[in-house]
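To start, the structure under review is shown below, and the notes come after it.
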Protein chains: 2
Amino acid sequence: MNASAKPERTRLSAEDWEDAALRLIADQGVGALAVEALARQLGVTKGSFYWHFRTREALLQAALERWEQYGEKEVISQIEAMPDPRARLPELFRRVAHEIAPHRVYAALLKALDHPQVVPVMARVSQRRMEFLTTIYSEAGLSPDEALNRARLTYAAYVGFLQLNFTLGLPRISHDEFDAYVEHMIRTLTPA
Amino acid sequence: MNASAKPERTRLSAEDWEDAALRLIADQGVGALAVEALARQLGVTKGSFYWHFRTREALLQAALERWEQYGEKEVISQIEAMPDPRARLPELFRRVAHEIAPHRVYAALLKALDHPQVVPVMARVSQRRMEFLTTIYSEAGLSPDEALNRARLTYAAYVGFLQLNFTLGLPRISHDEFDAYVEHMIRTLTPA
DNA sequence: TGCAATCCATACTCATGCGTATGGTACCGA
DNA sequence: TCGGTACCATACGCATGAGTATGGATTGCA
């Protein structure tokens, strides 16, 4: 509401625009990514934008690549470091369930799969995560076929949950109820 | 490519526009719903449209309500008519899995949840389906809490699958592989 | 201090897509 | 057959948002 929205009023870099783009995408979706809106939000005008990027498409591309880089590396590596394979799945489930912020961009991109630029990025990211899940299920004792199908099921449940709760506001689930849901998921999807 | 695209060249009704709108939504999403594009596709001009509808928004509203009406009534009633409660879930899973066409609109609307008009419609439809699922799980022997959570999980898996396969083209799963996945889902999500 | 390179503002053009105004044509009952 | 209603075409106005042209301001560096 005051000057805190425009901190320091310094000059901008391409990365600043990309970060702002990702924030806007997380909040309002890819369709709302307009250069003049972004410029207003950053306290400048289009003149600045078109110095850093050739086109709006170029910004989206750069923002997507930046998001793909930042990735989910730390979560994956931390899970892989756990000694007991059977303990990995519950831990993964609980972690993902309680860190909502990083998934907001993914949820927004999920709704923009008609846009040609986001499809390959989402395909790569989803593929990597699926392979990771498949590996964990394998190490937890499932056969290759079972592990793959269980990974598909788990990942679909994850994606569907994002849609149904982030964007659609289905019967606003309470915090305790959500925890119970996660534990139910673990019991149902994790090999006994 | 020829005249078969414009059949009979008769006059149009509001319902014709609504059906065309739903077809376009299923194919290209809510964002692609433009009156001039629709008019071209129907072989007329905007002049026709604005006789039947006051605005683009009104068309979307009418189309959504029409879609909600058509509903999933027959599937639900047929499943409910089955005598053995334990047999209902596998049957439901297999049916839904093999009738893709009716779910294309739902999948498209799922990507348009930022649009204020679609949210209430999707909320109602999803809510009804969730309640139906919860009931079936209850009748199959789960406790109320377990039934609700299992319904959430199942429905999330359904929604996620739509996203990952319709829109994103993840490693194009073959027909046999898909059947195996469905059976895996039944084994995993259905009470033993 | 001065001069480039970097960064940004202002003022345009242009395309798209919604909505309106108005006149024309097809169909239907009296 | 004739008038009125239902349906459609054409030609606009108008807002939005991308992209361009050009000049001004600011910074790093010699």
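A, B, ... follow the sequence lines: proteins, then strands. Residue 1 opens every chain.
- Taking the six-membered ring where the residue is Trp, the centroids of His103(A) and Phe166(A) are separated by 6.0 Å or more.
- Put simply, CH2 on Trp17(B) is 11 Å from C1' on dC7(D), counting in whole angstrom units.
- Both His52(A) and Glu36(A) lie close to DNA chain C; mapped to their nearest nucleotides by heavy-atom distance, the more 5′-ward contact belongs to His52(A).
- In the model, Thr190(A) has no side-chain atom that pairs as donor or acceptor with a side-chain atom of Tyr137(A) under 3.5 Å.
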Between N or O atoms, less than 3.5 Å apart, protein on one side and nucleotides 21-30 of chain D on the other: list the pairs.
from, atom 1, to, atom 2, distance (Å)
dT27(D), O4', Arg11(A), NH1, 3.2

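- Rounded to a whole Å, the CG atom of Leu38(B) is 18 Å from the P atom of dT16(C).
- With distances taken from any side-chain atom of Ala34(A) to the nucleotides dT10(D), dG17(D), dC7(D), the minimum falls on dG17(D).
- One interatomic measurement links the two molecules: CZ of Arg56(B) to P of dT20(C), which rounds to 15 Å at whole-angstrom precision.
- Ranked by how close their nearest DNA chain D nucleotide is to the 5' end, Phe49(A) and Lys46(B) are led by Lys46(B).
- Side chains of Glu131(A) and Gln127(A): a donor on one and an acceptor on the other come within 3.5 Å.
- Ion pair Arg95(B)/Glu74(B) not flagged as a salt bridge, since none of the NZ, NE, NH1 or NH2 atoms sits closer than 4.0 Å to an Asp/Glu carboxylate oxygen.
- A distance below 6.0 Å separates the ring centres of Tyr158(B) and Tyr155(B).
- In this structure, Tyr50(B) atom OH and dA11(D) atom C1' are separated by 15 Å, rounded to whole Å.
- Regarding Gln41(A), its CD atom lies at a distance of 15 Å from the P atom of dC8(C), rounded to whole Å.
- Atoms CG (Asp16(A)) and C1' (dC8(C)) sit 14 Å apart, rounded to a whole Å.
- For dC7(C), the OP1/OP2 oxygens have no side-chain nitrogen or oxygen of Ser48(A) closer than 4.0 Å.
- The distance from atom CG of Leu33(B) to atom C1' of dT16(C) is 15 Å, rounded to the nearest whole Å.
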For Phe53(A) and Trp17(A), run ring pair (Phe, Tyr, Trp, His ring centres under 6.0 Å): C-alpha distance rounded to whole Å, both residues' side-chain angles, the deciding distance at 0.1 Å, then the answer. CA-CA 9 Å; Phe53(A) 297 93; Trp17(A) 285 94; 7.1 Å; no
